[in-house]
2 protein chains.
Amino acid sequence: MATLKDVAREAGLSVGTVSRVLNNRGYISEETRQNVNRAMKKLNYQPNEMARSLSKQRSSMIGVIVPTISHPYFSKLIESMERAAHQEEYDLLLFVSQGRVDREEEYVRACISNRVAGLILCTGSVRTARLKNLGFPVVAYERLLNEADAGVECDNYEGGILAAQELIRCGCRNLLCISGIGEVSMPADVRRDGFMDACARHEGIRTQFFCCSEERITDLRYKSQLDECMDLYPDVDGVFASSDVIAAELLGVLSSRGKRVPEDVKIVGYDDVFVSELTTPDLTTIHQPVQEMARTCIDIIRRASENEAFPARTVLRVNLVRRGSTRTAQDE
Amino acid sequence: MATLKDVAREAGLSVGTVSRVLNNRGYISEETRQNVNRAMKKLNYQPNEMARSLSKQRSSMIGVIVPTISHPYFSKLIESMERAAHQEEYDLLLFVSQGRVDREEEYVRACISNRVAGLILCTGSVRTARLKNLGFPVVAYERLLNEADAGVECDNYEGGILAAQELIRCGCRNLLCISGIGEVSMPADVRRDGFMDACARHEGIRTQFFCCSEERITDLRYKSQLDECMDLYPDVDGVFASSDVIAAELLGVLSSRGKRVPEDVKIVGYDDVFVSELTTPDLTTIHQPVQEMARTCIDIIRRASENEAFPARTVLRVNLVRRGSTRTAQDE
DNA sequence: GGCTCTATGTCAATCGGTTGACATGTTTAA
DNA sequence: TTAAACATGTCAACCGATTGACATAGAGCC
């Protein structure tokens with residue numbers, strides 16, 4: 001495997017000059033630059049990132065910890081992160097914690113060992129005291145973490161409002177909000193607040209609330225809980241589900257009870273992942289700007305690395321995507 | 001950030017001895033080991049993987065290139081890879097190529113630069129000549145790559161047979177096989193062969209074949225193609241879809257045509273990802289042992305790193321999971 | 001002619017580990 | 001008793017870059 005020294009010899013230059021070309025430092029003539037590039041190509045030179053990171057005291061990798069990627073929301077997120085990272089010349093170190101605190105702490109340690117350029121936390125259970133003075137910036141994604149250096153969220157409150165308005169627009173009067181609540185309070189919790197507040201502003205709207213246990217989020221199986229829920233509230237005519245996956249499962253539960261969507265019950269999901277277009281009918285949902293959120297996370301880390309200023313908190317706009325599950329006669 | 005030298009000083013030992021403890025080399029007394037561990041804990045020492053990799057000429061990261069992770073099959077795969085990798089003390093470097101050759105080559109270069117312990121290729125478009133003498137083992141996952149050092153697949157032919165048998169068992173006589181074909185020939189192509197061969201062994205079975213273009217696999221949108229397909233073959237009573245996502249979309253297409261599943265049409269999917277339990281009815285499917293396949297890939301890399309022998313080709317068994325989409329009256 | 005800018009070279013330290021050679025003791029077992 | 005096994009130390013080279021100090025020398029300008 002060719003080294004810088006080999007390239008220098010091949011180009012008839014010193015390592016110092018070649019390193020200057022690679023890192024764009026000091027004065028280099030166009031001729032020399034070409035010469036170096038030619039030599040690198042000829043030797044099929046690939047810089048050793050380990051050596052580079054060691055001397056720079058910082059690698060070009062970004063660590064991301066997520067609870068799962070089986071959930072389509074997180075797979076979409078990771079895909080966006082990967083793209084954004086590589087656009088900024090970073091590589092992505094992926095960690096899946098399954099929501100287990102021990103793993104999360106292990107993964108934070110792995111990030112330290114790898115001297116990552118930054119860490120994006122998409123999971124809330126890490127003991128926050130351990131996030132101080134890590135030597136790299138920590139970005140909290142849709143989590144409330146005081147210890148993080150920055151936070152990126154979408155406007156969950158607004159999302160709740162949009163969902164409520166849509167159901168009310170469709171003539172629903174007997175609303176149900178299904179959401180998951182973990183042990184940690186999360187930005188997503190305020191979706192419900194937005195929903196409830198918007199409902200309260202209208203006359204004659206009944207609202208119920210059902211809490212799906214999210215401890216088994218990695219299972220993606222809520223069906224039995226949703227069945228119980230429908231036993232409790234058999235006469236709802238509009239449901240706001242806090243994720244498209246829950247909404248999709250609800251479709252199955254309703255279908256087995258002979259309820260038709262959207263004729264008998266209207267549904268609004270959340271996230272706008274591919275599942276919402278896979279179901280029959282497809283799902284009206286609140287679109288999260290996942291790509292933009294991912295880009296923001298990466299950009300914060302880039303800025304921090306270059307000692308540029310960056311926002312402590314970024315809240316991005318959501319919007320409603322109307323599909324079959326809230327279609328009414330007059331929409332045709 | 002504490003270094004090995006700091007730990008040695010704290011423990012009153014030499015760096016050599018501490019390094020021995022870390023790498024389990026030579027003779028170390030239990031007392032010294034404890035002493036070192038205490039010192040490491042006290043200083044909150046995290047070994048610098050960059051330095052370690054540099055001197056070992058090999059990092060403890062495994063690179064994985066996939067075409068997408070939005071597709072539930074790949075997100076399940078990556079989740080399994082991540083788990084298997086960390087169980088063997090590797091970190092995972094994730095690359096999503098979107099099926100673009102230029103990105104794949106860029107990612108292979110990134111793996112070289114990071115001196116990965118191994119590379120798992122879940123995508124077939126890389127120009128194979130570039131995979132020789134990379135300095136680390138390359139494992140082809142569900143791909144035919146002569147240049148790879150090892151291949152891991154599931155028994156796709158058997159999967160096709162199982163699907164055919166199930167549809168025939170349900171009394172279907174007019175079968176359709178929907179599969180995707182890319183430019184590169186892949187192990188998954190033989191699913192069709194298994195299906196067709198099994199059908200040929202039965203009297204009075206008609207078989208059709210429809211080829212879904214997979215160029216837009218990252219889109220996960222096959223609906224319009226499937227609609228055409230149903231125009232072409234309106235009277236099929238049993239369908240084998242080469243992925244659960246296609247099967248799920250087909251459910252929607254059939255529903256909009258007033259066809260009921262499983263009463264009018266029976267469906268068998270492939271993969272056994274969560275989507276198959278999300279639909280109504282849920283999908284009978286061919287289960288791929290993704291976890292075991294992932295573990296096999298990681299194990300091959302571990303063996304290669306330790307100069308142990310490893311199999312050049314591993315083919316894992318699949319099995320049928322019966323659910324609602326092929327349920328008949330007598331199954332009740 | 002002196003000054004500054006451009007372009008490159010030499011040299012050595014540094015990043016934080018790993019590893020091997022070699023030395024020096026202390027136990028333990030044959 | 002004596003060799004082998006155990007336990008640790010010292011020292012230095014090495015992995016492949018980055019970086020800064022300092023030197024050299026030609027080009028362009030006042």
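All of these numbers come straight from a predicted model, not from anything done at the bench. First the proteins, then the strands, lettered A, B, ... as listed; each starts at 1.
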Spacing of [X] atom [atom1] relative to [N] atom [atom2], expressed in whole Å:
X	N	atom1	atom2	value
Lys5(A)	dT10(C)	NZ	P	13 Å
Leu54(A)	dA13(C)	CG	P	17 Å
Glu49(B)	dT18(C)	CD	C1'	13 Å
Lys56(A)	dA17(D)	NZ	C1'	10 Å
Met1(B)	dC15(C)	CE	C1'	14 Å
Tyr27(B)	dT24(C)	OH	C1'	15 Å
Glu31(B)	dT8(D)	CD	P	7 Å
Ile28(B)	dT19(C)	CD1	P	13 Å

At under 4.0 Å, does any side-chain N or O of [X] touch on OP1 or OP2 of [N]?
X	N	result
Arg25(A)	dT18(D)	no
Ser29(B)	dC6(D)	no
Gln57(A)	dG16(C)	yes
Asn23(A)	dT18(D)	yes

Roughly how far, to the nearest 0.5 Å, is CG of Leu92(A) from CG of Leu93(B)?
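One finds 8.5 Å between CG of Leu93(B) and CG of Leu92(A).
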
At 4.0 Å (heavy atoms only), tell me whether Thr3(B) reaches a base, stays on the sugar-phosphate, or touches nothing.
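Since only primed, P, OP1 and OP2 atoms lie under 4.0 Å of Thr3(B), the category is sugar-phosphate.
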
Name the nucleic acid region contacted by Ser14(A), choosing base, sugar-phosphate or nothing; use a 4.0 angstrom heavy-atom cut-off, strictly under.
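It contacts base atoms.
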
Nearest atoms (heavy-atom pairs only) where Asp6(A) meets Thr3(A)
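Closest heavy-atom pair between Asp6(A) and Thr3(A): OD2-N, 2.8 Å.
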
Please check this pair: side chain of Ser59(B) against backbone of Asn114(B), looking for a donor-acceptor N/O pair closer than 3.5 Å.
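Checking the backbone N and O of Asn114(B) against the side chain of Ser59(B), a donor-acceptor pair under 3.5 Å is found.
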
Which nucleotide in [options] has an atom nearest any side-chain atom of [X]:
X	options	result
Leu13(B)	dG17(C), dG20(C), dT8(D)	dT8(D)
Ser19(B)	dA7(D), dT18(C), dA17(D)	dT18(C)
Thr32(B)	dG17(C), dT18(D), dT8(D)	dT8(D)
Ala51(A)	dG9(D), dG16(D), dT8(C)	dG16(D)

Heavy-atom nearest nucleotide on DNA chain D for Asn48(A) versus Thr17(B): which residue maps closer to 5'?
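The residue closer to the strand's 5' end, by nearest nucleotide, is Thr17(B).
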
Considering heavy-atom distances to DNA chain D, does Arg33(B) or Ser55(B) have its closest nucleotide positioned more toward the 5' end?
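Nearest nucleotide further toward 5': that of Arg33(B).
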
Is the Phe274(B) ring parallel, tilted or perpendicular to the Phe274(A) ring (thresholds 30°, 60°)?
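Perpendicular.
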
Given the rule in the salt bridge (Lys or Arg N to Asp or Glu O under 4.0 Å) test, do Glu88(B) and Arg295(B) qualify, once you have shown the distances and angles that lead to the verdict?
CA-CA 10 Å; Glu88(B) 301 279 351; Arg295(B) 267 200 298 267; over 6 Å; no

